[in-house]
Number of protein chains: 2
Amino acid sequence: MPKNCNFIGKLREVGLRPTKQRIKMCEVLYNREKTFHFTINDLVKMISEKMNEKISLATVYNTVHAFEKKGYLKEISIDSHKSYFDTNTSAHHHFFDEDTHELIDCDESDIDKINIRKNITGKKINSVEVLVRVAGDNQTQK
Amino acid sequence: MPKNCNFIGKLREVGLRPTKQRIKMCEVLYNREKTFHFTINDLVKMISEKMNEKISLATVYNTVHAFEKKGYLKEISIDSHKSYFDTNTSAHHHFFDEDTHELIDCDESDIDKINIRKNITGKKINSVEVLVRVAGDNQTQK
DNA sequence: AATCTACATTATAATAATTCTAAACTATTG
DNA sequence: CAATAGTTTAGAATTATTATAATGTAGATT
């Protein structure tokens, strides 16, 4: 996804019709300096705050999933209760702050390359992701 | 959790009352050679098949969470739709077969030790876990 | 530019997973 | 063996997500 605009073209390129809602969502997600993490709920709030028109919850789900399928978003599973999505679709690892429930990207340099010595026979490795759970020094768990 | 029996004592040790249901659940989960993974649904089925008495779904949830809190079970997040639990509570990594949705433990030797070079300030690392997603060579995603 | 068609959006209903509730039950303590 | 604090239970409630079916719209065709 580009740093700035021409979302219409980008959507068309991957075969998604550039509807008003999809363009709006692109603006909210990608017109910013840094990539970020969000839940569907976060996104609904962000859109309804930034925009003056309503957007249906179903549309947000549909569109997020459409974007995910096309590689514009990545889903991250940390918590069985929440689905997080990441606008950073490149392979990278995460810290998860168990106090604040905040998800933080690792820089490339934060974690050495993972060496997988063995694989499941007949299978191809699709991804290797590390999750580092952290918390304040006092209370350990949620 | 022990290889065999005295679940009553073990439950008492951590301050859980050894009720009929909890002892049954221990038997189903820990009277076996190898550790394994399950969802709440799997477990309900297993219990209702192995036992002749009914167990309430709520009890299974309560008991699984009680066991988790006491370190008898570990939750694994892979899929936002399903909660997996693991009777292997030691630190270890996983393969996840995206074709079959099967979760497979990594042996200690399968993955080199992960080296975390940087951490979030003021936080302690609670766990470092790797998830290796694999799939058949043909179709890549679900 | 009007029409057509396939795809999108929408509000709402349906489903699924999990948690809550409050009444009945039971393991432990005294 | 009575008291009580923790447990189980069925079912209701809640939450997240997906399905439905009617309406709307983008893009191609005239």
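Atoms considered below: every heavy atom in the structure, side chains included; atoms not considered: hydrogens, waters and symmetry mates. Letters A, B, ... mirror the listed sequences (proteins, then strands); counts begin at 1.
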Chemist: Roughly how many Å is it from CG in B/Leu11 to P in C/dT26, rounded to a whole number?
Modeler: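 About 18 Å, once rounded to whole Å.
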Chemist: Given C/dT18, is OP1 or OP2 found less than 4.0 Å from the side-chain N or O atoms of B/Ser83?
Modeler: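 The answer is yes; a side-chain N or O of B/Ser83 sits under 4.0 Å from OP1 or OP2.
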Chemist: Go nucleotide by nucleotide along DNA chain D from the 5' end; which of A/Asn41 and A/Ala58 gets its closest nucleotide reached first?
Modeler: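 The answer here is A/Asn41.
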Chemist: With a cut-off of less than 4.0 Å, is there a side-chain N or O of A/His65 near OP1 or OP2 of D/dT17?
Modeler: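 For D/dT17, OP1/OP2 do not have a side-chain N/O of A/His65 under 4.0 Å.
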Chemist: Please list, chain by chain and in numerical order, all residues satisfying ring-ring contact (aromatic ring centres under 6.0 Å, His included) with A/Phe38, sequence neighbours excluded.
Modeler: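 A/Phe38 satisfies ring-ring contact (aromatic ring centres under 6.0 Å, His included) with A/Phe36, A/Phe85 only.
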Chemist: Can you label the angle between the B/His101 ring and the B/Phe96 ring as parallel, tilted or perpendicular, going by 30° and 60°?
Modeler: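 B/His101 and B/Phe96: tilted rings.
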Chemist: Taking atom P of D/dT8 as reference, at what distance in whole Å does atom CD1 of B/Ile55 sit?
Modeler: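 Atom CD1 in B/Ile55 sits about 8 Å away from atom P in D/dT8.
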Chemist: Please give me the minimum heavy-atom distance between A/Lys74 and A/Asn88, naming the atom from each residue.
Modeler: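 Between these two residues, the closest heavy atoms are CE-O, 4.2 Å.
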Chemist: May I have the distance from A/Glu53 (atom CD) to C/dA11 (atom P), rounded to whole angstrom?
Modeler: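 Spelled out: CD on A/Glu53 to P on C/dA11 is 11 Å.
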Chemist: If I take atom NZ in residue B/Lys24 and atom C1' in nucleotide D/dT8, what distance separates them, rounded to the nearest angstrom?
Modeler: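 It works out to 12 Å between those atoms.
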Chemist: Is the distance from OP1 or OP2 of D/dT9 to the nearest side-chain N or O of B/Gln21 less than 4.0 Å?
Modeler: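 Answer is yes, contact under 4.0 Å.
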Chemist: Over how many whole Å does the gap from B/Ile40 atom CD1 to C/dT19 atom C1' extend?
Modeler: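 It works out to 12 Å between those atoms.
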Chemist: Expressed in angstrom and rounded to an integer, what is the separation of B/Glu75 atom CD from C/dT19 atom P?
Modeler: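 After rounding, the reported distance stands at 9 Å.
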Chemist: Classify B/Leu57 by what it touches in the nucleic acid, base, sugar-phosphate, or nothing, heavy-atom distance under 4.0 Å.
Modeler: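 Since a base atom lies under 4.0 Å of B/Leu57, the category is base.
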Chemist: Determine the contact category for B/Lys20: base if any of its heavy atoms lies under 4.0 Å from a base atom, sugar-phosphate if only primed atoms, P, OP1 or OP2 are that close, otherwise nothing.
Modeler: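 Here B/Lys20 touches no strand at all.
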Chemist: So, OP1 or OP2 of D/dG27: does either fall under 4.0 Å of a side-chain N or O from A/Arg12?
Modeler: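 Yes.
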Chemist: Write down the distance between NZ (B/Lys70) and C1' (D/dT7), rounded to a whole number of angstrom.
Modeler: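 Between C1' of D/dT7 and NZ of B/Lys70: 15 Å.
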Chemist: Does any N or O in the side chain of A/Arg22 come within less than 3.5 Å of the main-chain N or O of A/Arg17, such that one atom is a donor and the other an acceptor?
Modeler: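 It does hold such a pair.
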Chemist: Distance-only, no hydrogens or angles: does the B/Tyr61 side chain make a donor-acceptor pair with backbone N or O of B/Ser56 under 3.5 Å?
Modeler: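 No; judged by distance alone, with no hydrogens or angles, the pair does not exist.
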Chemist: Is the phosphate of C/dT19 approached by B/Tyr61 (side-chain N or O, under 4.0 Å from OP1 or OP2)?
Modeler: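 Result: no.
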Chemist: For A/Thr59 and B/Pro18, find the nucleotide of DNA chain C closest to each by heavy atoms; which residue's nucleotide sits nearer the 5' end?
Modeler: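 On the 5' side of the pair lies A/Thr59.
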Chemist: At under 4.0 Å, does any side-chain N or O of B/Arg22 touch on OP1 or OP2 of D/dT7?
Modeler: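 For D/dT7, OP1/OP2 do have a side-chain N/O of B/Arg22 under 4.0 Å.
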Chemist: Considering just the side-chain nitrogens and oxygens of B/Thr19, establish if one lies under 4.0 Å of OP1 or OP2 belonging to D/dT8.
Modeler: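 For D/dT8, OP1 or OP2 has a side-chain N or O of B/Thr19 closer than 4.0 Å.
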Chemist: Starting at the 5' end of DNA chain D and moving along, which residue's nearest nucleotide shows up first, B/Asn62 or B/Arg17?
Modeler: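 Of the two residues, B/Arg17 wins.
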Chemist: Roughly how many Å is it from CZ in A/Phe7 to P in D/dA26, rounded to a whole number?
Modeler: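 Those two atoms, CZ and P, are 18 Å apart.
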